[in-house]
Amino acid sequence: MLRKIPIFSGLNECELAAIERHAVSRAYPKNSVIINEGDTTDSLYIILDGKVKVFLSDENGREIIINSHGPGEYFGELALIDDAERSASVITLEKSTFSVISKNDFKQVLSGHPEIAISVIKDLTRRVRQLTDNVKSLALLDVYGRVAKTLLALAHEEDGELIIEERLTQQELANRVGASREMVARILKSLESGGYISYRGKHIVIHEKLPSGY
């Protein structure tokens, strides 16, 4: 599993084994808060099974979803680098199992295998670029543009169709794009009426190129 994690993808068997010796497996039920924004925890979490949501919230309970992660992905990597408080919250969307590596253990691995640091830096760079693109979308795209971009980013091709397998509610989509649920509902209804999307169970199917404007 570690070889499939981008942050460890360039490591050899010896380096992967060094990390595995320090990893601890932990299981959590659905709706478990793994990290709270502002926490001072310092571990990296690798998802072996299940799914999590990464989000920000305010004192009124409003949320902005930053991302969702599934098996083979990870979160909490910044804690390996600095001592700052957690910048976002993470909650399980279903029963999940993680491989957890503490900051102290990771430092021990680095002392014997310093080349691992290059892999970490490369992946952190990739995530910074992704974050920059997200900020650009929020600043320059209208709500429809953000909805369309998010739908396409979540979809994958299957038998010639673009399908979003993630069970995405209107409120969850609204939280992702920083808009009201009512506005997102109107956009989805318009796309469905125009034949651009349809629903297959709880999945969204994109039939053709989405229009450039709403």
Side-chain angles (χ1 to χ4, degrees), residues 1-58 63-135 150 153-154 156 165-166 172 175-176:
M1 176 62 77
L2 288 184
R3 184 174 295 281
K4 297 179 182 179
I5 310 300
I7 202 171
F8 300 137
S9 61
L11 306 184
N12 60 40
E13 293 297 332
C14 181
E15 293 160 350
L16 290 172
I19 294 174
E20 287 179 341
R21 284 196 296 271
H22 292 273
V24 177
S25 180
R26 295 179 184 169
Y28 295 87
K30 181 180 179 180
N31 293 327
S32 296
V33 176
I34 308 302
I35 293 175
N36 268 307
E37 183 180 354
D39 280 353
T40 55
T41 54
D42 62 358
S43 295
L44 169 72
Y45 293 79
I46 299 168
I47 305 171
L48 302 179
D49 187 53
K51 192 172 186 180
V52 303
K53 174 179 72 175
V54 184
F55 66 98
L56 301 172
S57 59
D58 63 15
E63 288 186 4
I64 293 180
I65 297 176
I66 299 176
N67 215 331
S68 59
H69 298 304
E73 297 182 289
Y74 59 92
F75 58 91
E77 71 282 358
L78 292 181
L80 302 178
I81 309 300
D82 62 20
D83 298 315
E85 297 177 344
R86 294 291 192 177
S87 57
S89 299
V90 181
I91 188 172
T92 57
L93 297 176
E94 55 190 60
K95 182 180 178 181
S96 303
T97 304
F98 308 108
S99 184
V100 185
I101 305 173
S102 72
K103 184 175 183 176
N104 287 335
D105 285 339
F106 195 73
K107 283 183 175 180
Q108 290 183 38
V109 173
L110 286 181
S111 65
H113 304 272
E115 57 275 14
I116 293 176
I118 300 299
S119 182
V120 173
I121 291 171
K122 285 182 178 179
D123 200 69
L124 286 176
T125 301
R126 178 186 64 81
R127 291 204 168 193
V128 169
R129 293 183 187 280
Q130 185 181 58
L131 179 60
T132 301
D133 185 60
N134 291 341
V135 172
T150 300
L154 292 172
H156 74 277
E165 290 191 340
E166 182 174 342
E172 288 169 340
N175 291 343
R176 283 178 180 266

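Just so it is clear, the values below take in all heavy atoms, side chains as well, and ignore hydrogens, waters and symmetry mates.
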Checking E20 now: which residues fulfil salt bridge (charged side-chain N to carboxylate O under 4.0 Å, His left out) with it, not counting sequence neighbours?
none
Interatomic distance, I46 atom CD1 to I19 atom CD1 [nearest 0.5 angstrom]:
7.0 Å
Do T92 and V52 have side chains that approach each other closer than 4.5 Å (heavy atoms only, starting at C-beta)?
yes
Not counting sequence neighbours, which residues clear salt bridge (charged side-chain N to carboxylate O under 4.0 Å, His left out) with R26? List them please.
none
Results of salt bridge (charged side-chain N to carboxylate O under 4.0 Å, His left out) for D58 - residues two or more places apart only
R62
Does anything in residues 37-47 pair up under side chain to side chain donor-acceptor pair (under 3.5 Å), and if so which pairs, sequence neighbours excluded?
T41-R86
Considering all heavy atoms of both residues, which atom of L48 and which atom of S25 are nearest to each other, and what is their separation?
CD1-OG, 4.4 Å
Euclidean distance, D105 CG relative to Q108 CD, rounded to 0.5 Å:
5.5 Å
Gap separating the CD atom of E85 from the CD1 atom of I35, nearest 0.5 angstrom
13.0 Å
Minimum heavy-atom distance F75-L44, with the two atoms named:
O-CD1, 3.5 Å
Mind checking the CD-CG spacing from E165 to L154? Nearest 0.5 Å is all I need.
11.5 Å
Which heavy atom of A23 sits nearest to which heavy atom of I101, and what is that distance?
CB-CG1, 3.9 Å
On a heavy-atom basis, which atom in K51 and which in E94 lie closest, and how many Å separate them?
N-CG, 3.5 Å
Reported CG-to-OG distance for the pair L93 and S32, which is rounded to 0.5 angstrom:
11.0 Å
Minimum heavy-atom distance between G50 and S96, given as atom pair plus value:
CA-OG, 3.5 Å
Spatial distance of atom CZ (F55) from atom CD1 (I66) [nearest 0.5 Å]:
9.5 Å
Can you pull the ring pair (Phe, Tyr, Trp, His ring centres under 6.0 Å) pairs that have at least one residue in residues 16-35, sequence neighbours excluded?
Y28-F98
Partners passing salt bridge (charged side-chain N to carboxylate O under 4.0 Å, His left out) against E73 (at least two apart in sequence or in another chain):
none
Short N-O contact, K53 and E63, less than 4.0 angstrom:
yes
Non-hydrogen atoms of K103 and A79 that approach each other most closely
CD-O, 3.2 Å
May I ask you to say whether E166 pairs ionically with R176, meaning some side-chain N is under 4.0 Å from a carboxylate O?
yes
Quick one: does N36's side chain get under 4.5 Å of S89's, heavy atoms only?
yes
